[in-house]
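Atoms within each ligand, like the ligands themselves, are counted from 1 in listed order.
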Amino acid sequence: MSLNSSALVLFSGGQDSTACLAWALQRYPRVETIGFDYGQRHRVELDCRQVVRRELAAAFPQWAARLGDDHVLDLGLLGQISDTALTDQRAIEMQANGLPNTFVPGRNLLFLAFAAALAYRRGASVLVGGMCETDYSGYPDCRDNTIKAMQLALSLGLAGPMTIETPLMWLDKAQTWALSESLGGSALTALVIEHTHTCYLGERGQRHAWGHGCGECPACRLRAAGFEAWQRSR
Ligand code: ZN
């Protein structure tokens, strides 16, 4: 198998990275997943990862044949350099600099560096991530120029091509729902609704048309608004 035939997907168990995983499974003959355990306030998203992988494999046999190993890296050390609403019991709010206080500085750069090191060891030369510049919360390490610069740094530092694919970069949330539907039809949309997790507060209990979550936090509101916009546009 050539290097170019394997991809490693940064997979959190959320809606965006599930769309990325489906996108990769349609393109690459071998796809592995990586997740990061960094002491998130809630564990539910990590728990969703295995459910989503299992359900994807069950519903899409052609993808099951391509879906390889899952890797979870312990990045608990991030707790030593962050003081945010994701790892503390603080409320989520916007800071004076316009970034939500859930922001862990440079978090995606760290994730990409660890993912690239693992991909290299696994013989994969493509990373796939859900970074998005369109309607996300203004994280500067998710912007296209940042990712392009990181791709260059990783390729130089590893002395070989390390491509970073970001299929969601220019999509809004409604278009992300549309992408899932185009990749896996209503079966994939149903899977995303039922099994992926987005809520910042880690709530699963309530089941809305767009899935589970508190319905009030910024992540739930973004997901709900995207779903409704997508429904209206169909
Ligand atoms: Zn929520």
Side-chain angles (χ1 to χ4, degrees), residues 9-22 33 35-56 72 75 78-79 82-105 107-108 111 129-142 168 171-181 188-233:
V9 179
L10 283 74
F11 178 59
S12 71
Q15 176 189 355
D16 290 349
S17 64
T18 297
C20 288
L21 179 54
T33 51
F36 302 101
D37 184 349
Y38 52 97
Q40 291 96 323
R41 182 162 64 172
H42 47 78
R43 314 289 298 174
V44 60
E45 197 174 80
L46 283 176
D47 295 340
C48 285
R49 297 177 74 256
Q50 297 308 325
V51 177
V52 171
R53 279 177 48 97
R54 191 170 64 236
E55 295 287 329
L56 272 176
V72 176
L75 292 190
L78 283 191
S82 67
D83 175 27
T84 75
L86 283 181
T87 48
D88 286 341
Q89 292 300 324
R90 283 167 51 182
I92 295 165
E93 56 193 26
M94 296 303 285
Q95 301 176 141
N97 61 6
L99 295 171
N101 68 347
T102 51
F103 179 62
V104 178
R107 188 182 65 176
N108 281 292
F111 288 173
M131 288 68 96
C132 173
E133 192 169 299
T134 307
D135 67 355
Y136 213 58
S137 313
Y139 296 103
D141 57 343
C142 290
L168 310 186
L171 304 185
D172 61 24
K173 282 288 176 188
Q175 291 168 321
T176 300
W177 283 103
L179 173 64
S180 290
E181 181 88 9
L188 184 56
T189 296
L191 191 160
V192 168
I193 289 172
E194 203 56 50
H195 298 295
T196 67
H197 185 81
T198 302
C199 180
Y200 275 143
L201 303 182
E203 285 194 16
R204 293 292 295 164
Q206 272 180 281
R207 166 64 156 78
H208 311 266
W210 43 267
H212 296 269
C214 75
E216 299 297 330
C217 75
C220 278
R221 283 206 293 264
L222 200 58
R223 175 165 167 155
F227 183 78
E228 283 152 22
W230 175 57
Q231 291 288 307
R232 280 197 304 273
S233 71

Under the 3.5 angstrom rule, does the side chain of Thr18 hit a backbone N or O of Val192 as a donor-acceptor pair?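 Such a contact is absent between Thr18 side chain and Val192 backbone.
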Side chain to side chain, Ile193 and Trp177, heavy atoms closer than 4.5 Å: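 Yes. Closest side-chain heavy atoms under 4.5 Å.
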Donor-acceptor pairs under 3.5 angstrom involving side-chain atoms of residues 209-217: please list them, not counting sequence neighbours.
| residue | atom | partner | partner atom | Å |
| --- | --- | --- | --- | --- |
| His212 | ND1 | Arg204 | O | 2.6 |
| His212 | ND1 | Gln206 | O | 3.4 |
| His212 | NE2 | Glu194 | OE2 | 3.0 |

Identify, with sequence neighbours excluded, every residue that meets side-chain hydrogen bond (donor to acceptor under 3.5 Å, both in side chains) alongside Thr33.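 Thr33 satisfies side-chain hydrogen bond (donor to acceptor under 3.5 Å, both in side chains) with Arg53, Asp70 once adjacent residues are dropped.
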Have a look around the Zn ion (ligand 1) and list protein N/O/S atoms under 2.8 Å, or say none.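 As for protein N, O or S atoms lying under 2.8 Å from the Zn ion (ligand 1), they are Cys199 SG, Cys214 SG, Cys217 SG, Cys220 SG.
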For Phe111, enumerate each residue passing the ring-ring contact (aromatic ring centres under 6.0 Å, His included) test, keeping only those at least two apart in sequence or located in another chain.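 For Phe111, the residues satisfying ring-ring contact (aromatic ring centres under 6.0 Å, His included) (neighbours in sequence not counted) are Phe36, Tyr38.
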In this structure, which one of Thr176, Thr198, Asp16 forms a side chain to side chain donor-acceptor pair (under 3.5 Å) with Arg223?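 Filter result, single survivor: Thr198.
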